[in-house]
K.L.:
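Here it is, the structure in full.
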Amino acid sequence: MSNDLAFTHRFAPAGRREAAPLLLLHGTGGDENDLLPLGQSIAPGAALLSPRGKVLEHGMPRFFRRLAEGVFDEEDVRRRANELADFVAAASKRHDLGAPVALGYSNGANIAAAMLLLRPEALDGAMLLRAMVPLRDVPKANLTGKPVLILSGQSDPIIPPDNSARLAALLTNAGARVQQCTLPIGHALSQADVTLAREWIHEQAAAVLPTE
Ligand code: MLT
């Protein structure tokens, strides 16, 4: 664990230089340790940067304040997304990494979506597991060509299906290459999430490998 950049975080260096670095963003009540096994399983050998959200809700870490479930303090979303993007830039410089691909779950997926919209340069793409539209007033972002995977739960009690569909449309309209998949499950992660995310990251890596 490290406290010397703006966020308490864990960093695992790459075992394979060619693997895209992942930015791991936990859900409400999680911490910097939560998604390390998921990141290792989805992208073996990738560098992993895993910060802990700084907002505490009844003692549970989050990445931004909310007023109620699904109702966000949007001023805080903007401030925290920018702060996190600055941290990512500083950590990437220190560890000599390119812009990472975010792997976010729930609240972590929502801050990743906000970063894409507010600071597109901070991320090279994103896997958004159980994400929703993070801002009502959405800035005009240029996400041309950025790959985004959205995995939603059909019976998610927190995120109505039309909300994740709106997020997919929003990112597509900004130019992102969005792939959305709705699984027959709720808000919790399943083995299907792991399999689909692994396949997706594999496809992205294959797409950038030089062909001889
Ligand atoms: C959020 O607050 O980001 C979403 O409601 C998901 C959650 O963390 O419960």
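Just follow the structure's listing: the first ligand is 1, and inside any ligand the first atom is 1. Residue numbers run from 1 in the order of the sequence given.
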K.L.:
Does any donor atom in the side chain of S152 or R130 lie under 3.5 Å from an acceptor atom in the other side chain?
P.N.:
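Not at all, the side chains of S152 and R130 share no donor-acceptor pair under 3.5 Å.
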K.L.:
Is the shortest side-chain N to carboxylate O distance from K54 to E83 below 4.0 Å?
P.N.:
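Counted as a salt bridge, because a side-chain N and a carboxylate O are separated by less than 4.0 Å.
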K.L.:
So does D73 pair up with R65, basic N to acidic O under 4.0 Å?
P.N.:
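A salt bridge links D73 with R65.
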K.L.:
Do T28 and R62 have side-chain atoms, one donor and one acceptor, less than 3.5 Å apart?
P.N.:
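T28 vs R62: donor-acceptor pair found between side chains.
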K.L.:
Run through ligand 1 for me and note each protein residue having a heavy atom under 4.0 Å from it, chain first, then residue number.
P.N.:
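Within 4.0 Å of ligand 1, the protein residues are T28, R62, F64, R66, G70, F72, S106, N107, N110, I158.
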K.L.:
Is any side-chain heavy atom of F72 less than 4.5 Å from a side-chain heavy atom of M132?
P.N.:
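They are in contact (side-chain heavy atoms under 4.5 Å apart), so the answer is yes.
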K.L.:
Would you say that E32 contacts P51 through its side chain, given a criterion of any heavy-atom pair below 4.5 Å between the two side chains?
P.N.:
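The answer is no, as the side chains (C-beta and beyond) never meet within the 4.5 Å cut-off.
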